[in-house]
Amino acid sequence: MRTSWADSVANSASENATTNSSNTNGLKRPTRSTYVPPHLRNKQPSTDPHPPPHAAPAPSPVNDRAGFGGPATGSRWGGDSRPDFGRVGGYGGRGGNAWNGRSGGWDRGREREVNPFGEDENAVEAFGEQENSGINFDAYEDIPVETSGDNVPPPVNTFAGIDLGDALNENIRRCKYVKPTPVQRYAIPISLAGRDLMACAQTGSGKTAAFCFPIISGIMRGHGVQRPRGARTVYPLALILSPTRELSCQIHDEAKKFSYQTGVKVVVAYGGAPINQQLRELERGVDILVATPGRLVDLLERARVSLQMINYLALDEADRMLDMGFEPQIRKIVEQMDMPPPGARQTMLFSATFPKEIQRLASDFLSNYIFLAVGRVGSSTDLIVQRVEFVHESDKRSHLMDLLHAQRENGINGKQSLTLVFVETKKGADSLEHWLCINGFPATTIHGDRTQQEREQALRLFKTGKTPILVATDVAARGLDIPHVAHVVNFDLPNDIDDYVHRIGRTGRAGKTGLATAFFNENNLSMARPLADLMQEANQEVPAWLTRYASRASYGGGGRNRRSGGGRFGGRDFRRDGSLNRGTDYYGGANSSSGYGVPGGYVGGYGPGVTSAWD
DNA sequence: AAAAAAG
């Protein structure tokens with residue numbers, strides 16, 4: 001067995017190269033030469049119609065701050081109109097100049113809906129989210145699924161078996177979704193039956209589509225519903241909330257694809273961006289509103305949006321939305337504005353993790369709901385090799401440097417694979433980014449103290465590989481689909497095992513292997529047991545020293561609850577636990593949450609050899 | 001204690 005992390009990085013990298021052999025230049029070539037983003041339609045051609053020089057092979061990485069690696073490359077606030085050629089994921093469509101207010105002929109061309117699939121519907125990478133392609137569907141038979149609740153509708157096996165309507169089916173075809181994923185097989189019929197739903201499923205498992213399809217279908221069915229005509233108030237029929245701005249953008253981009261030519265209008269609203277353009281979009285009509293909580297409250301208080309016609313409410317990353325920081329805002333939106341009560345609307349909650357105490361809170365928003373948990377494929381979490389190393393606080397930087405050096409030396413064609421480094425604080429993110437840059441590793445950072453332009457710029461530079469290292473706080477931990485992340489480093493471990501699960505789920509996506517390295521030290525004692533348990537459950541090699549820490553006293557309540565007794569059925573309906581384990585049970589199975597081990601895992605069973613990083 | 005989310 002290999003013991004060096006350098007080998008494992010090399011192995012992981014080369015496997016990625018093999019897995020992706022038909023697309024080895026995915027990071028550097030223009031992925032959608034034929035696609036014109038909505039905000040660029042009907043504009044004068046860019047002064048440079050060709051991809052800029054850094055589109056050439058082996059681009060030199062850049063940083064987005066003055067003084068490191070040259071000037072920023074993004075168009076930022078609407079300067080030039082260069083195509084966002086390097087975009088890989090769905091979210092990047094926001095581009096650099098989405099807020100410039102220069103709608104040009106776009107408004108006038110409003111009767112002509114922009115084709116989000118581009119002119120070439122057969123383009124392989126028409127969208128970054130290829131969650132259904134490249135999956136070994138035979139492995140689905142092995143996926144553990146648990147449902148509970150009254151009269152659970154049976155799952156379907158094909159999209160054809162679901163009456164979603166022609167237009168939606170056509171978009172499913174355009175997305176190249178050949179077969180529903182497990183969460184879709186179960187969630188869509190439940191949702192079409194009008195039932196409330198609490199669903200546990202890994203990110204990357206198609207849950208966005210799982211709640212979007214029924215919503216779009218339902219809105220189409222109910223077309224012609226009369227809505228009030230407030231002076232400047234709009235009345236969306238569906239509301240989708242998410243905990244970060246970038247995630248809302250990503251969901252919006254997905255939903256736009258699904259609703260193309262259905263007549264269903266999707267609008268996104270989030271903070272940090274000028275509100276005027278969002279207001280204009282709303283005024284042009286909205287059926288599905290995707291939003292972050294703060295901006296939505298603003299819109300509600302301005303009476304620019306009313307929730308009284310909401311038929312569908314979806315909370316993505318629902319456990320995060322209902323944790324301490326968010327809960328009051330969510331309650332305000334859902335309970336204290338004009339939204340119809342549970343039972344009069346349909347409510348769907350989705351997350352990869354669902355702690356029991358959050359389930360209890362969430363049940364306030366639900367009516368006679370069905371609980372759905374879709375587990376991972378057998379050992380597919382081996383797609384992510386998890387390593388934990390004991391690193392003293394003072395040694396972290398040099399240790400990270402060692403990792404990056406080896407990764408660089410073992411990289412493909414001298415090109416670094418993408419590395420996502422999670423830290424605890426915003427200041428820590430800035431300082432680590434600066435340190436990496438002055439030590440020859442172009443890095444950028446994303447956290448809540450940066451402006452929204454900077455955040456989007458950072459994400460774009462990272463996604464396109466121009467800046468192959470991204471230092472992030474937990475703002476990037478959840479939901480973001482960033483292809484080609486080969487390595488997630490938990491430079492600072494989170495204090496909650498669920499956060500760890502979400503973080504490492506940024507890699508090992510789309511059937512590729514991923515590596516997750518965690519730095520553990522005496523500040524993380526409370527994570528020893530949950531981490532050791534999680535790794536063991538995911539068939540990872542647990543260092544003996546970690547097992548020793550884990551078996552000692554339980555270090556206070558860190559890591560919160562943990563480890564369901566159910567093994568791969570960690571996602572458990574809290575209603576089944578009755579009052580049995582309340583209070584005293586710490587590891588006893590009353591909880592829910594990350595029993596799946598690792599999000600993204602189910603794309604596995606993808607092919608032979610994926611577990612070989614440690615063979 | 002920190003992060004996120006309105007400005």
Side-chain angles (χ1 to χ4, degrees), chain A residues 91 99 239-252 268-279 282 289-305 315-334 336-337 351 353 355 358 393 420-433 445-456 458-459 470-480 490-503 506 521-527 555-560:
Chain A
Y91 152 73
W99 302 336
L239 176 64
I240 301 171
L241 293 173
S242 95
T244 66
R245 298 163 182 174
E246 287 78 10
L247 186 52
S248 280
C249 289
Q250 184 178 296
I251 294 167
H252 170 248
V268 66
Y270 57 93
I275 200 169
N276 283 339
Q277 185 158 347
Q278 292 173 8
L279 288 173
L282 289 168
L289 177 58
V290 185
T292 49
R295 177 54 59 90
L296 177 60
V297 168
D298 190 359
L299 293 168
L300 292 168
E301 287 174 346
R302 294 175 188 223
R304 298 300 296 262
V305 170
L315 267 53
D316 201 6
E317 307 296 342
D319 58 331
R320 166 64 84 226
M321 304 299 285
L322 294 172
D323 80 5
M324 285 203 327
F326 271 121
E327 197 216 349
Q329 260 180 317
I330 301 302
R331 277 198 191 277
K332 175 169 186 170
I333 292 167
V334 177
Q336 290 156 33
M337 306 303 289
S351 182
T353 54
I358 302 283
E393 211 61 42
L420 181 50
V421 183
F422 282 104
V423 297
E424 186 72 13
T425 66
K426 295 178 277 196
K427 288 182 83 157
D430 278 336
S431 124
L432 181 59
E433 178 223 19
T445 182
I446 184 167
H447 60 69
D449 274 355
R450 303 199 80 189
T451 67
Q452 191 57 25
Q453 314 96 285
E454 288 172 328
R455 285 166 58 157
E456 299 190 8
L459 200 50
L470 179 64
V471 182
T473 61
D474 270 330
V475 69
R478 284 174 174 259
L480 294 187
N490 273 291
F491 188 90
D492 301 318
L493 269 169
N495 293 314
D496 186 314
I497 193 67
D498 285 344
D499 292 332
Y500 174 85
V501 168
H502 285 274
R503 285 179 177 187
R506 297 313 102 210
N521 63 33
E522 59 281 353
N523 296 326
N524 311 115
L525 297 181
S526 68
M527 285 291 287
Y555 301 117
R560 216 176 45 232

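Reckoned from all heavy atoms, side chains included, excluding hydrogens, waters and symmetry mates. Reminder, nothing fancy here: chain letters follow the sequence lines and each chain counts from 1. Everything numeric here is computed off the predicted structure, so don't read it as measured data.
- Proximity of A:Thr425 to the phosphate of B:dA1: no side-chain N or O atom is located under 4.0 Å from OP1 or OP2.
- In the set B:dA4, B:dA2, B:dA5, the nucleotide with an atom closest to the side chain of A:His447 is B:dA4.
- In this structure, the CG atom of A:Asp499 is 12 Å from the P atom of B:dA4, given to the nearest Å.
- Using a cut-off of 4.0 Å between Lys/Arg side-chain N and Asp/Glu carboxylate O, A:Lys426 and A:Asp430 are scored as not salt-bridged.
- Within the structure, every side-chain polar atom (N or O) of A:Arg245 is placed at least 4.0 Å from both OP1 and OP2 of B:dA4.
- Residue A:Asp430 contributes atom CG, which lies 15 Å from atom P of B:dA2 at whole-angstrom precision.
- Taking the side chain of A:Glu424 as heavy atoms from C-beta on, and the options B:dA2, B:dA5, B:dA3, the nearest nucleotide is B:dA2.
- Counting only N and O atoms by type, the side chains of A:Glu246 and A:Gln250 include no donor and acceptor under 3.5 Å apart.
- Computed from coordinates, the A:Met324 CE to B:dA5 C1' distance equals 15 Å when rounded to whole Å.
- Distance A:Glu327 CD to B:dA5 P: 18 Å, rounded to the nearest Å.
- Between A:Asp449 atom CG and B:dA2 atom C1' there is a gap of 11 Å when expressed in whole angstrom units.
- Atom CD1 of A:Ile446 and atom CG of A:Leu480 lie 7.0 Å apart (nearest 0.5 Å).
- Ion pairing between A:Asp474 and A:Arg503 holds under the 4.0 Å rule for side-chain N and carboxylate O.
- At a threshold of 4.0 angstrom between heavy atoms, the contacts of A:Gly325 include nucleobase atoms, whether or not backbone atoms are also involved.
- Between A:Asp498 and A:Arg478 no salt bridge is recorded (no basic side-chain N to carboxylate O distance below 4.0 Å).
- B:dA5 atom C1' lies 13 Å from atom NZ of A:Lys332, rounded to whole Å.
- A straight line from CG of A:Leu322 to P of B:dA4 spans 19 Å, rounded to a whole angstrom.
- Between A:Arg455 and B:dA5, a side-chain N or O to OP1/OP2 separation shorter than 4.0 Å is present.
- Closest to the A:Lys426 side chain, of the nucleotides B:dA1, B:dA5, B:dA3, is B:dA3.
- Rounding to whole angstrom units, CG of residue A:Asp474 and P of B:dA1 are separated by 18 Å.
- Summary of the strand contacts: A:Val297 and A:Arg320 both lie near DNA chain B, and taking for each the nucleotide with the nearest heavy atom, the more 5' one is attributed to A:Arg320.
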